[in-house]
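Contents: one structure, followed by commentary.
Everything numeric here is computed off the predicted structure, so don't read it as measured data. A note on names: the letters A, B, ... follow the listed sequences, proteins ahead of strands, and every chain is numbered from 1.
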Amino acid sequence: DGGITQSPKYLFRKEGQNVTLSCEQNLNHDAMYWYRQDPGQGLRLIYYSQIVNDFQKGDIAEGYSVSREKKESFPLTVTSAQKNPTAFYLCASTPDFGPQHFGDGTRLSIL
Amino acid sequence: AQSVAQPEDQVNVAEGNPLTVKCTYSVSGNPYLFWYVQYPNRGLQFLLKYITGDNLVKGSYGFEAEFNKSQTSFHLKKPSALVSDSALYFCAVRASGGSTLGRLYFGRGTQLTVWP
C-alpha cells in the first residue's frame with residue numbers, strides 16, 4: 001500500500017546534539033511538508049518542498065534544516081540551535097490538487 | 001493572508017446526538033477547504049474536502065460539511081455521534097491560486113468528546 005513512513009516513532013535528543021527525522025513516501029507526490037505540532041497550537045509549517053532539490057522555509061524554520069535529494073525522501077534535521085525542540089513532528093505529501101497525506105509522526109523529547 | 005479559525009477548543013456531545021465542529025476561514029481567491037481527524041499519537045487522516053460544486057460535502061465515517069461562502073464557514077457535522085468519533089479535528093484551507101503548491105493553513109484544532 002502507498003503511504004508515508006516516518007521514523008523513528010520516538011526520538012530523544014541530548015543538549016547540543018543534532019538529530020534527523022526520516023520521512024519517506026511511495027505515493028509519487030511532488031510536494032512534501034514538515035509540520036510541528038504542540039498542544040493547543042495546531043500544526044505549524046517548518047519547511048516544504050515542491051520539487052526535488054528545492055525547498056522553502058515555512059513559518060518556523062529557525063533551528064531546522066532539510067534536504068530533498070530524492071522525490072521519495074524529505075529528511076528533517078533538528079539542530080542544536082532549536083532551543084525548544086520537544087514536539088510531535090508530522091511529515092506530509094500532496095498531489096497537485098488533492099488532500100495532504102500524513103505520516104504517523106515522530107515524537108521528539110529532550111534528555 | 002490565509003487563516004483558519006476554530007472557535008471551540010472542545011466540543012462535548014452525547015452519543016446519538018448530532019454534532020457540529022465549527023470552522024471559519026480567510027483566504028485570497030476561491031478556497032479549497034479540508035477537514036482532518038487525528039487520534040492520539042497518530043498522523044492526520046483526511047475526512048472530506050470542498051473544491052467546487054455542491055455546498056454540502058459528504059466524507060468518510062458519516063461526516064459531512066457545509067460550505068457557506070457568505071459567512072466564510074465550513075462547519076463539520078454528523079447526524080448521530082459515536083463514542084469512536086472522539087478525537088482531535090482540524091480544519092484547513094488552501095488558496096486556489098499562487099505558487100505554494102498544496103500548502104495548507106490549519107486551525108488550532110477542536111477536541112471532540114462523545115459521551116456514552
Using a cut-off of 6.0 Å, state whether more than 12 heavy atoms not belonging to A:K14 lie near its atom NZ. no
Within a 6.0 Å radius of atom CZ on B:R42, are there more than 12 heavy atoms belonging to other residues, nucleotides or ligands? no
Side-chain heavy-atom pair A:Q37, B:F106 within 4.5 angstrom cut-off: no
Quick one: OH on B:Y105 to CG on A:D59, what's the gap to the nearest 0.5 Å? 7.0 Å
For B:Q45, is it the side chain, the backbone, both or neither that has a heavy atom under 4.5 Å from a heavy atom of chain A? neither
How about NZ on B:K22, more than 12 heavy atoms from neighbouring residues, nucleotides or ligands closer than 6.0 Å, or not? no
Determine the minimum heavy-atom distance between A:P99 and B:F46, stating which atoms define it. CB-CD1, 3.4 Å
Selection from B:L88, B:N41, B:D9 maximising heavy-atom pairs under 4.5 Å formed with chain A: B:N41
How many angstroms lie between CZ in B:R108 and CG in A:D38, if you round to the nearest 0.5 Å? 10.5 Å
Among the clusters formed by ILVMFWY side chains lying less than 4.5 Å apart, do A:I60 and B:F90 turn up in the same one? no
Is it true that a side-chain atom of A:D104 and a backbone atom of B:G43 form a donor plus acceptor pair closer than 3.5 Å? yes
To the nearest 0.5 angstrom, please state how far the CZ atom of B:R103 sits from the OH atom of A:Y33. 9.5 Å
For the CD atom of A:Q100 and the CG atom of B:L44, what is their distance to the nearest 0.5 Å? 9.0 Å
From B:L104 atom CG to A:Y48 atom OH, the distance as rounded to the nearest 0.5 Å: 12.0 Å
Under 4.5 Å heavy-atom distance to chain B, tell me which part of A:I4 shows up: side chain, backbone, both or neither. neither
If the contact rule is any heavy atom under 4.5 Å from chain A, which residues of residues 56-64 of chain B qualify, in numerical order? none
